[in-house]
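I have placed the structure first, in the form of structure tokens, so that the comments after it can refer back to it.
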There are 2 protein chains.
Amino acid sequence: MFKVSRKSEYALIAVQQLARSLPDRVVSVADLSQQTQVPADVLAKVLQGLKRAGVVRAVKGAGGGYGLSRSPAEIRFLDVVQPFEDKLAMVSCQMPSHECERLDTCSLRDPMAALNAFVLRQFEGLTMDVFLVPHQWIAVGTRGAGHPHETSLARRLRASDAASG
Amino acid sequence: MFKVSRKSEYALIAVQQLARSLPDRVVSVADLSQQTQVPADVLAKVLQGLKRAGVVRAVKGAGGGYGLSRSPAEIRFLDVVQPFEDKLAMVSCQMPSHECERLDTCSLRDPMAALNAFVLRQFEGLTMDVFLVPHQWIAVGTRGAGHPHETSLARRLRASDAASG
DNA sequence: AAAGTAGAGGACCAAAATGGTCCGATTTTG
DNA sequence: CAAAATCGGACCATTTTGGTCCTCTACTTT
Ligand code: SF4
Ligand code: SF4
């Protein structure tokens, strides 16, 4: 449960790294691979996936590379992860074309559907800018103004977790 | 992401079913398998895991079977699921004995750890009694009194999800 | 225009996780 | 003792995952 695919991790790392470079510059896969220690071949396909998802833009040819297509604050966590997670559901029957022979008798389906929807909504407002300031994660009481789009998840992450422990 | 293992589903279903029988009675695996349509062999091992976790009690010998070890309201969702999910973490480096060669350079580790902790805390207060009243999941405004141990997750699940859509 | 750079994308493979079956041992009832 | 039931493992087939490789195409630079 909860575990994200390796490609998702690479995607998150790539977005982090791209966010640290100048917004109008692009970085080649080779450079990005060196900076992040992610195998170039895998990183290449991950970037392709992110491009298809509209998260990054690509510039072909000599001197080309990848760059973020918009500001980190406007890139949602789920945008980055979605392309590499065919299963954003807790149970099989929640995703299309995955059937289950126990559909009618199963008294677990409805509760899990609601649970799934709730968890997903928690992530809706989580944007990638939260991933860029490492110190916020360990400091307590750093609570900032917050972005208009963010939900309680992003807010509570900013406030760190040592508070209510 | 989020997907629970099949055994976890079976475990949840089993707990649901056991909760519907009389508290002091025990049900055999064979009966339980017929009631839930879960393969008997698999169900057997699932029940064994649940017993090890202290969620169910077992009575051996003829006329024996399984029963809940305590009331559904006192059985947490994570108690049921934990034995079948070695990975309750979003990234590998969060679980013991799973190393990653990028540990130091990785700027994703800390954010993910915090995110992980938050999500986990959301589930902490979710108890199995919520899974027993199917109508609560589709009805809106059924908000009840709530149990002392439950967190916002359980409360919001009770209130259904059509509210804030 | 030529040359070289860099992304696009499919084929392929090895290792691991998953889901499920089977079988023998043990304990209790009758 | 025999039947009924849990206990607990070994075992296997399939799927999923993570990763490599190779070719093609588009673009930039010279
Ligand atoms: S119908 Fe029940 S058993 Fe089948 S995938 Fe959905 S929750 Fe799981
Ligand atoms: S250190 Fe980074 S790359 Fe390695 S498992 Fe943790 S988050 Fe993933």
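Letters A, B, ... are given to chains in the order of the sequence lines, protein chains preceding strands, and every chain is numbered from 1.
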Whole Å only: how far is the CZ atom of A/Arg57 from the C1' atom of C/dG7? 14 Å
Report the distance from atom CG of A/Leu43 to atom C1' of D/dG19, rounded to the nearest whole Å. 13 Å
Atom CD of B/Glu9 and atom C1' of C/dG19: how far apart are they, to the nearest Å? 12 Å
Heavy-atom closest pair (A/Ala73 atom, A/Thr127 atom, distance to 0.1 Å) is O-CG2, 3.2 Å
Where is the tightest heavy-atom contact between B/Met90 and B/Asn116, given as atom of each residue plus distance? N-ND2, 3.2 Å
From NZ of A/Lys51 across to P of C/dG7 the rounded distance in Å is 11 Å
Can you give me the closest heavy-atom contact between B/Ser33 and B/Pro39, atom names plus distance? OG-C, 4.0 Å
B/Asp104 and B/Arg109: CA distance, side-chain angles, deciding distance, salt bridge (Lys or Arg N to Asp or Glu O under 4.0 Å) verdict: CA-CA 9 Å; B/Asp104 354 298; B/Arg109 200 191 176 196; over 6 Å; no
Integer-rounded Å distance: C/dG20 C1' and B/Phe84 CZ: 15 Å
Using a cutoff of under 3.5 Å, can you pull out all pairs of nitrogen or oxygen atoms linking the protein to nucleotides 9-11 of chain D, with atom names and distances?
| residue | atom | partner | partner atom | Å |
| --- | --- | --- | --- | --- |
| D/dG9 | O6 | B/Lys45 | NZ | 3.2 |
| D/dA10 | N6 | B/Lys45 | NZ | 2.9 |

Roughly, in whole Å, what's the span from CG in B/Leu47 to P in D/dG8? 13 Å
Determine: side-chain N/O of B/Ser5 to OP1/OP2 of C/dG19, distance under 4.0 Å, yes or no. yes
Can you tell me which nucleotide in C/dA8, C/dG20, D/dT6 comes closest to the side chain of B/Ser28? D/dT6
Of B/Asp86 and B/Asp41, the one whose closest nucleotide on DNA chain C sits nearer the 5' end is B/Asp86
Within the 4.5 Å heavy-atom criterion, are A/Ser69 and A/Lys51 side-chain neighbours or not? no
Candidate list A/Glu85, A/Lys3, A/Gln82, test side-chain hydrogen bond (donor to acceptor under 3.5 Å, both in side chains), partner A/Ser8, passing option: A/Glu85
Near-ring test B/Phe84/B/Tyr10, centroid separation under 6.0 angstrom: no
Does B/Phe118 have its ring centroid less than 6.0 Å away from the ring centroid of B/Phe123? no
Determine whether A/Gln16 and A/Leu132 make a side-chain contact, defined as any pair of heavy atoms from C-beta on separated by less than 4.5 Å. yes
Scan nucleotides 24-28 of chain D against the protein and return all N/O pairs shorter than 3.5 Å with their distances rounded to 0.1 Å.
| residue | atom | partner | partner atom | Å |
| --- | --- | --- | --- | --- |
| D/dA26 | O4' | A/Lys60 | NZ | 3.1 |
| D/dT28 | O3' | A/Ala62 | O | 3.4 |

Nearest whole angstrom, please: distance from the C1' of D/dT17 to the CD of A/Glu85. 11 Å
Figure out the CZ/C1' separation between A/Arg6 and D/dG19, and round it to whole Å. 11 Å
Hey, does the side chain of B/Tyr10 come within less than 4.0 Å of C/dG20's phosphate (OP1/OP2), counting only N and O? yes
